[in-house]
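Report on the following structure.
Quick note: numbers below take in every heavy atom, side chains included, and nothing from hydrogens, waters or symmetry partners. We name chains A, B, ... by the order of the sequence lines, and we start the count at 1 in each one. Values in this document were obtained by computation on a predicted structure and should not be read as measured data.
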Amino acid sequence: MPSTGTVRFWLLDASYEVVGKIPEIRLWGVTDDDLRIVVIDRSFRPYFYVLPQDDVSPQELLKRLNAEIHGKRPVLNMEIVEKKYFGKPVKVIKVTCLIPADVPKYRELFRTLKGVEDVLEADVRFYMRYIIDHQLRPCGWHEVKVRPLPKNKNWHVDAVYEALEPPKPIEYDRLPRLRILAFDIECYNPKGTPKPERDPVIIISLMTSEGEKKLLTANDYNDILLLREFVDFVKSYDPDVIIGYNSNRFDWPYLIERSKKLGVRLAVSRANSSPAPSVYGHYSIVGRANVDLYDFAEDMYEIKVKTLENVADYLGVMPKDKRVLIDGIEIYKYWDDPNLRKTLFEYALQDVMSTYGIGEKVLPFAMQLASLVGLTLDQVGAASVGFRVEWYLMREAYLQGELVPNRIERPYAPYKGAIVLEPKKGVHENIAVLDFSSMYPNIMISKNISPDTYVPPEEVDDPSKYNIAPEVGHAFRKEPPGFYKRVLSKLLNFRRQIKEEMKRYDPQSVEYRILDERQRAVKVIANACYGYAGWVGARWYKREVAEATTAWGRETIKETIKLAKVLGLKVIYGDTDSIFVEYDKEKVEKFIEAVKERFNLEIKPDKVYVRVFFTEAKKRYCGLLPDGRIDVVGLEAVRGDWAEIAKEVQERVLEIILKEGSPWKAVEYVRSIVDALRAGKVPISKLIIWKSITKGFEEYEVRAAHVVAAKRLVKAGYKLEIGEKIGYLIIKGPGKLADKAWPYVLVKDPEQIDYEYYIERQVLPAALRVLRYFGISDNILLSGHKQATLFDFLGGA
DNA sequence: GCCTTGAAGTTACCG
DNA sequence: ACCGGTAACTTCAAGGCG
C-alpha cells in the first residue's frame, strides 16, 4: 500500500458522521482514472460566531462566554476574529465545537446572554460548512494529498483515503465516465392510487449509461424477490447517479415503505444504507447522486402538464405518438391479464428509456448549476431558486470575509414593480423588439444597490455621495462596492468570459455544450438575484433594495420610450425591460447607440416581427416571425388551463390572420370546429381542462370547478398532492359549472359531455379574443351566413 | 324570489 | 419558499326590482 500521494477526483456527494466522538467528513468522488473513492477528513470542526453588542468589547464578552461554559462540556476553542457584517468591519467570537450536535446547544446557551447581539452561521450544515470553507465544487475536480486507509467492507468504493490537507478545487474540464442508472417503478393499482401497505410493486425498469435495459418483475403479486433483485442490481452496477422521474415524491417513498413492510433492506447507498429523507424534500443516497428529473421539468414552462411522456416528447427523447401509452389507472388490468403483460413491459421499458433520455438532456445543466452554487448534485435540483441563489451568495460571502445574516421571519411587505405599456391594439407590420440585457442586475451594479450600501434617510448627508432612487427616494452609497454589486459583477463577467471561450469550440463539441450549460447556470442565478433580494425569506432580504431596483427600472424604460419617440420611432408596446418599435434599421441603430450613451445599459434587438397582433390587453399578443413561425404570448393558446381544442382553434385563427390576413377564412374554420364538436368528432382528450390544486381542500373559499373535480377523484380512491394538476371535463346537467366538473378518468360515456359548454365557453371565447378586432361576433361564428364587418369597411384583405 | 353587478377568489401567464 | 403586474374566468353576496 503506497504511503502518501495526491488524488484527483470529481466530487459527487458529501456526507458526515461522528465516529469516536470525532466528526468525519466524507467526500464521495470519481477519480481521473475512473475509480470510485471516498476521501475522509477528520480534522474539520463545526463552529459559529457570536456577535457582541455595539457597546460591548469582544474581550469582555469572550470572558463572559468562558464563564458561562465553565463546568459544562467545554467547547474546543473560542477566539476573537475579524469579519465584516453588512460591509462593516466587526470583531466576533468564533466558537468552535467538538461535534455538530454541540452547535445548536451552544447557540441557544449564548444567544440570550447579556452583551450578545446575535449568534451567526450556527444553522449551516456541517458538510456544507466544509464545502464552503474549502470552496469545494460539487461536480467539479479537486486534488488532495492523501494517505490510503484500509478498505471498509461496508463501503462500496474502490479506495478509501484520509485527507492530509483539505482538497483544492482545480480547473479541469473533463467529465468523468459516470455510471448513470435510470429507474422507474410500476405498481399494482386496482383501487386507484397504489398504496405501499397494500399494493405490490410489479415492475422496476432500469437503464444504464452502458445501454443495458432491464425489467425486474414481481412474481405475480409477490414483490419480495423483486425488491431484493433491485437492491442487488444497484449494488452490482454501482451507479454514481440514479435518476428517476418524480422519484423523490413517488418511487423512493414507495420503495421504502414497501421494503419496510416486506422486511427487505433497501441498502442501495455506497455506505450500505437506505435512502433517507433529506433537505428540500429529496432522498439522500450516501455516495451517489439521487436526481429527480421532475425538478428540472418544472422550469420547462412550455410543457403544461408535466408527465414523463410529455416531457420526453417535448425534449424529442421519445415521441408520444410512437410509444405505448397506458392510462395510469389501468396498469393493474395489464398485469392481471397475461396477454396484456407484454404491452405493460413495453410501456415500462419506454418509461425508463424516456427517463434516461431526459437525464441526458438535463444532467449537464444540473451539474453546472451544482458546481456554480455549491450544492451537491442531488440537492441542487430539489432546492428552490431562492435557496440556489442563497448558497451561491454564502460561498461568496465566505470568500469576502462577510458574515452570513440569519434567516429571520418577516411579514410580507409589498412594493411597486415594473411598468407595462398599454399596447396599440390591432395588427402592426415590421416591428422590432428591443430588450435590455440583464436590466435588473445591471441596475443593481451601476447604482450599487445592496443592503450594506443602503443608508436610511436620516443619515443621508452630502447627496452627491449617494445614488438616490427615483420615486421611492432610497439612498445607496456610491462607494465602496456593495455585496450585490460585487457578486453580480462577478457573475456577469464570468458569463462574458464563458461566452468568449465558447467561440474557440465547435458548437457540436462536448466542450461547447458544457460551457453553454455553464453560462446558462450563471445567467439563471444572476437574473434571480433581484427577486431574491425582495423575498422576505431571504438572508440578504432588503425591501428597499428590491424597491429601488424596480424604481430605477421604471425610470429607465420610461426614458427609453421618450428617447425612441424623439428619434422618430413609434412605440407599439413595452413590458419591464423591452420595447416594441417600428423597425427602421437606421433609426433603430441610432436608438441603440443613444440608449447606451444615456444609461450605460445595452439594449439589443431580440427579434423583428413581420406582423404582430395586439388585443387591447397587456401581456397578450401574437407575432409572425420572418421564418414563418408564430410567437403566441400570454393568450389562451399558451395557457395550460384551457381545453386543447380551444387552444388549437385560437392558434390556427392567429395563423390565418397573420399569414393570410383573412378573418373570413378563420370564421369558416371556427365554424367547422363548432360543427365537429356538435357531431362528437373531437377527441375527448382535447376537451380536458387542466388546473393545479394549489392548497388543501379546506383552504378554498369558493366552490371552484377543479376543486370539486379533485374531491370527486379523491373520493374514487385516488391520491392527490398539493401542486398536482387535475384534468376534468364539463358534463351536461343543471347547476353551477363546478357541479358539472368531473375528473376525466371517471367519465365513461362521451354522451355525458356538455359540448355546448366547450363551444360557448372555450372555443368561441378563444377565437373571438382575436376575431372580435375584425368585427366578428359570436353570432357570426355560430350562424351560417356572412355579414358585413368593420374589417370589410376598412378594406381589409 | 329573481336578476344584475361588482368584488373576491383563483389560476396562470409575462418579464 | 425569488419578485410584481396582469388578464380572465367563476363564485358569491349585495342591491334593485317587484
Side-chain angles (χ1 to χ4, degrees), chain A residues 279-281 299 301-302 304-305 382-390 392-393 407 409-410 412-423 433 435-440 444 524-543 545-551 553-554 557 573-580 606 615-621 631-643 646-647 689-695 699-708 722-723 725-726 730 735-741 757 760-762 765-766 768-769:
Chain A
V279 285
Y280 315 123
D299 298 337
Y301 58 93
E302 300 95 327
K304 308 299 169 177
V305 183
S384 65
V385 176
F387 289 110
R388 292 176 191 170
V389 170
E390 191 148 280
Y392 179 78
L393 295 179
R407 191 182 306 287
E409 242 180 274
R410 305 179 172 89
Y412 169 66
Y415 63 89
K416 236 171 120 182
I419 288 184
V420 188
L421 297 190
E422 208 70 58
V433 182
D435 282 342
F436 280 99
S437 338
S438 305
M439 184 197 237
Y440 285 165
M444 290 172 86
V524 165
I525 295 300
N527 285 346
C529 280
Y530 145 74
Y532 171 85
W535 170 40
V536 289
R539 292 175 189 268
W540 278 277
Y541 167 77
K542 189 86 190 157
R543 195 202 77 235
V545 165
E547 197 169 36
T549 304
T550 55
R554 291 192 295 275
I557 198 77
Y573 178 63
D575 184 349
T576 312
D577 59 354
S578 70
I579 71 165
F580 292 50
D606 182 33
T615 69
E616 87 281 19
K618 297 170 176 180
K619 295 187 185 277
R620 319 186 108 219
Y621 58 90
D631 261 350
V632 183
V633 180
L635 294 164
E636 285 75 5
V638 295
R639 290 183 64 98
D641 55 353
W642 282 72
K647 304 202 301 177
I689 296 163
W690 295 91
K691 270 201 176 113
S692 302
I693 298 295
T694 61
K695 50 191 168 186
E699 293 170 66
Y700 281 94
E701 296 184 48
V702 293
R703 255 180 110 254
H706 69 297
V707 181
V708 172
I722 290 172
K725 278 203 161 87
I726 162 137
I730 299 301
K736 295 265 165 61
L737 192 64
D739 299 312
K740 309 182 356 158
Y757 166 80
E760 283 165 26
R761 303 273 159 167
Q762 292 279 327
L768 282 168
R769 189 87 53 223

Of Tyr412(A), Phe387(A), Trp540(A), Tyr530(A), which meets ring-ring contact (aromatic ring centres under 6.0 Å, His included) against Trp535(A)?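 That would be Phe387(A).
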Provide, to the nearest angstrom, the distance between the [atom1] atom belonging to [X] and the [atom2] atom belonging to [N].
{"X": "Lys725(A)", "N": "dT10(B)", "atom1": "NZ", "atom2": "C1'", "value": "14 Å"}
{"X": "Asp577(A)", "N": "dG4(C)", "atom1": "CG", "atom2": "C1'", "value": "13 Å"}
{"X": "Tyr415(A)", "N": "dG4(C)", "atom1": "OH", "atom2": "P", "value": "5 Å"}
{"X": "Lys619(A)", "N": "dC14(B)", "atom1": "NZ", "atom2": "C1'", "value": "4 Å"}
{"X": "Leu737(A)", "N": "dG9(B)", "atom1": "CG", "atom2": "C1'", "value": "15 Å"}
{"X": "Arg410(A)", "N": "dA1(C)", "atom1": "CZ", "atom2": "P", "value": "18 Å"}
{"X": "Leu421(A)", "N": "dC14(B)", "atom1": "CG", "atom2": "C1'", "value": "13 Å"}
{"X": "Asp299(A)", "N": "dC14(B)", "atom1": "CG", "atom2": "C1'", "value": "16 Å"}

From [options], pick the nucleotide closest to the side chain of [X]?
{"X": "Tyr757(A)", "options": "dT10(B), dG5(C), dT10(C)", "result": "dT10(C)"}
{"X": "Val638(A)", "options": "dC13(B), dT10(B), dT10(C)", "result": "dC13(B)"}
{"X": "Lys304(A)", "options": "dC2(C), dC13(B), dA7(C)", "result": "dC13(B)"}
{"X": "His706(A)", "options": "dC2(C), dT11(B), dA8(C)", "result": "dT11(B)"}
{"X": "Thr694(A)", "options": "dT10(B), dT11(B), dA1(C)", "result": "dT11(B)"}
{"X": "Arg761(A)", "options": "dA7(C), dT10(C), dC2(C)", "result": "dT10(C)"}
{"X": "Lys736(A)", "options": "dA12(B), dA8(C), dT11(C)", "result": "dT11(C)"}
{"X": "Val420(A)", "options": "dG5(C), dA12(B), dC13(B)", "result": "dG5(C)"}
{"X": "Val702(A)", "options": "dG9(B), dA12(B), dG15(B)", "result": "dG9(B)"}
{"X": "Arg620(A)", "options": "dA12(B), dT11(C), dA8(C)", "result": "dA8(C)"}

Would you tell me if any nitrogen or oxygen in the side chain of [X] comes within less than 4.0 Å of OP1 or OP2 on [N]?
{"X": "Lys618(A)", "N": "dC13(B)", "answer": "no"}
{"X": "Thr549(A)", "N": "dC3(C)", "answer": "no"}
{"X": "Tyr573(A)", "N": "dC14(B)", "answer": "no"}
{"X": "Tyr700(A)", "N": "dC12(C)", "answer": "no"}
{"X": "Tyr412(A)", "N": "dG4(C)", "answer": "yes"}

Please check: side-chain N/O of [X] versus main-chain N/O of [Y], any donor-acceptor pairing under 3.5 Å?
{"X": "Tyr573(A)", "Y": "Lys619(A)", "result": "yes"}
{"X": "Arg410(A)", "Y": "Ala538(A)", "result": "yes"}
{"X": "Lys304(A)", "Y": "Val638(A)", "result": "yes"}

Nearest nucleotide by nearest heavy atom, which residue falls closer to the 5' end of DNA chain C, Glu636(A) or Gly531(A)?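 The answer here is Gly531(A).
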When the nearest nucleotide of DNA chain C is assigned to Phe387(A) and to Asp575(A) on a heavy-atom basis, which residue is associated with the more 5' position?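 Counting from the 5' end, the first nearest nucleotide belongs to Phe387(A).
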Please determine whether any donor N or O and acceptor N or O are separated by less than 3.5 Å between the side chain of Arg639(A) and the base of dT11(B).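 When only heavy-atom distances are counted, Arg639(A) does reach the base of dT11(B) through a donor-acceptor pair under 3.5 Å.
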Which is true for [X] with a 4.0 Å heavy-atom rule: it touches a base, it touches only sugar-phosphate, or it touches nothing?
{"X": "Val707(A)", "answer": "nothing"}
{"X": "Lys695(A)", "answer": "sugar-phosphate"}
{"X": "Tyr301(A)", "answer": "nothing"}
{"X": "Arg769(A)", "answer": "sugar-phosphate"}
{"X": "Ala738(A)", "answer": "sugar-phosphate"}
{"X": "Gly537(A)", "answer": "nothing"}
{"X": "Tyr541(A)", "answer": "nothing"}
{"X": "Ala418(A)", "answer": "sugar-phosphate"}

Under-4.0 Å salt bridge between Asp739(A) and Arg703(A):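 Salt bridge present between Asp739(A) and Arg703(A).
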Sidechain N-carboxylate O distance under 4.0 Å for Asp575(A), Lys618(A):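 Here Asp575(A) does not pair with Lys618(A) in a salt bridge, since their nearest N and O are not under 4.0 Å apart.
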Heavy-atom distance under 4.5 Å between the side chains of Gln762(A) and Ile730(A), does that happen here?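 A side-chain contact is absent here, since even the closest heavy-atom pair is not under 4.5 Å.
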Are Thr576(A) and Ile557(A) close enough that some pair of their side-chain heavy atoms sits under 4.5 Å apart?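 Sidechains of Ile557(A) and Thr576(A): no contact.
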